[in-house]
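Keep in mind that what you see is a predicted model, and the values were worked out from it rather than measured.
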Amino acid sequence: MKLFALPARARAPAPPPAAEPAQAPVPAHPAAEAEGSTYTDWTARIHVNKYAVGCSFSVLIFIGPVPEDPTQWRTSESYVGAEHVFVNSQAEECENCRNTAEAELEGFVHLNKAIAARSGLNSFDRAVVEPYLKENLAWRILKVDGSTTDNSEVSSLQVIVVATPLSFEEGEVFPHAGTGRHCHEITEGQPGGYHTH
């Protein structure tokens with residue numbers, strides 16, 4: 001008995017790939033620049049008392065307009081990142097919590113990616129980034145239950161921008177970090193910004 005192979009079906013041509021959505025131009029990553037170059041790494045330094053709000057909470061960082069509705073904060077285009085503070089809900093019954101009632105916490109949110117994507121700037125230099133952040137950087141406090149606390153009600157809160165120079169040397173895989181500069185003038189005068197008291 002002879003077996004006959006059935007003719008192969010003609011395959012329909014694959015559809016052309018969908019066009020990528022237009023995106024704002026993003027500056028080239030500094031690592032792609034010439035060896036021996038430097039650039040500035042921008043971060044928001046968050047300093048706050050652990051028990052300042054009375055429950056677990058987050059300090060959210062934004063670059064751009066902040067929605068009025070707190071349920072939209074984490075999904076808004078201006079949201080950059082957050083520092084999360086976890087607190088015992090019954091701190092008064094916890095001896096360790098009572099002993100650390102004055103504990104101050106510190107965290108950092110990196111800003112470079114958001115600056116590159118949203119600012120339209122072609123540089124991370126202080127001369128252009130400082131005025132941009134002074135105009136556009138914002139922060140909010142969100143409690144674990146979804147309610148909010150005004151920045152002015154948390155006296156221990158300080159959000160300070162730190163600019164750290166990074167240099168790429170020949171043959172090195174990772175950059176060398178210089179001494180960070182605290183740019184107090186960016187957040188000074190705002191509730192929860194830099195202050196001396």
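With hydrogens and angles ignored, the 3.5 Å screen pairs no side-chain donor or acceptor of Thr38 with any backbone N or O of Leu166. For the pair Asn49 (side chain) and Ala52 (backbone), a donor-acceptor distance under 3.5 Å is present. Looking at Trp73, its side chain never comes within 3.5 Å of a backbone N or O of Leu60 through a donor-acceptor pair. In this structure, the side chain of Ser78 engages the main chain of Pro65 through a donor-acceptor pair within 3.5 Å.
Thr164 approaches Ala177 most closely through the heavy-atom pair CG2-CB, 4.1 Å. Considering all non-hydrogen atoms of both residues, Ser155 and His195 come closest at O-NE2, 3.3 Å. The shortest heavy-atom contact between Phe62 and Ser76 is CE2-OG, 3.8 Å. Summarising the geometry of Ala138 relative to Val66, their closest heavy-atom pair is CB-CG2, 3.8 Å, with the distance given to 0.1 Å. For Val128 against Ser123, the heavy-atom pair with the smallest separation is CG2-O, 3.8 Å.
Taking the side chain as every heavy atom from C-beta outward, Trp42 and Ile115 approach each other to under 4.5 Å. Taking the side chain as every heavy atom from C-beta outward, Val59 and Leu157 approach each other to under 4.5 Å. Considering only heavy atoms from C-beta on, Val154 comes within 4.5 Å of Thr149 through its side chain. Side-chain contact between Ile61 and Val159 is present, with heavy atoms from C-beta onward closer than 4.5 Å. His110 places none of its side-chain heavy atoms less than 4.5 Å from the side chain of Val80. When side chains are defined from C-beta on, Phe57 counts as touching Val48, because their heavy atoms get closer than 4.5 Å. Side chains of Arg118 and Tyr132 form a contact here, defined as non-hydrogen atoms less than 4.5 Å apart. Using a 4.5 Å heavy-atom threshold, the side chains of Glu106 and Glu83 count as separate.
No continuous path of hydrophobic side-chain contacts links Leu142 to Val144 [ILVMFWY only; heavy atoms under 4.5 Å]. Using a 4.5 Å cut-off between side-chain heavy atoms of Ile, Leu, Val, Met, Phe, Trp and Tyr, with links allowed through other members, Phe124 and Leu121 fall into the same hydrophobic cluster. Linking ILVMFWY side-chain heavy atoms closer than 4.5 Å, directly or via other members, places Tyr51 and Ile141 in a single hydrophobic cluster.
Counting only residues at least two apart or in different chains, side chain to side chain donor-acceptor pair (under 3.5 Å) contacts with residues 138-148 comprise Asp145-Ser147.
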Review point. Would Phe174 and Phe168 satisfy side chain to side chain contact (heavy atoms under 4.5 Å, CB included), going step by step from the backbone distance to the final call?
Key: CA-CA 7 Å; Phe174 299 104; Phe168 290 82; over 6 Å; no

**Study point:** Step-by-step salt bridge (Lys or Arg N to Asp or Glu O under 4.0 Å) determination, Glu104 to Lys50
**Key:** CA-CA 6 Å; Glu104 301 288 329; Lys50 181 176 182 178; over 6 Å; no

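Residues satisfying the side-chain hydrogen bond (donor to acceptor under 3.5 Å, both in side chains) criterion with His184, sequence neighbours excluded, are absent altogether. Not counting sequence neighbours, the partners of Arg126 by the side-chain hydrogen bond (donor to acceptor under 3.5 Å, both in side chains) test are Glu130.
Side chains of Ser58 and His84: a donor-acceptor N/O pair is present below 3.5 angstrom, by distance only.
The environment of CD in Glu77 is sparse: at most 12 heavy-atom neighbours from other residues, nucleotides or ligands sit within 6.0 Å.
None of His47, Glu185, Glu188 except one satisfies the side chain to side chain contact (heavy atoms under 4.5 Å, CB included) rule with Tyr194; the exception is Glu188.
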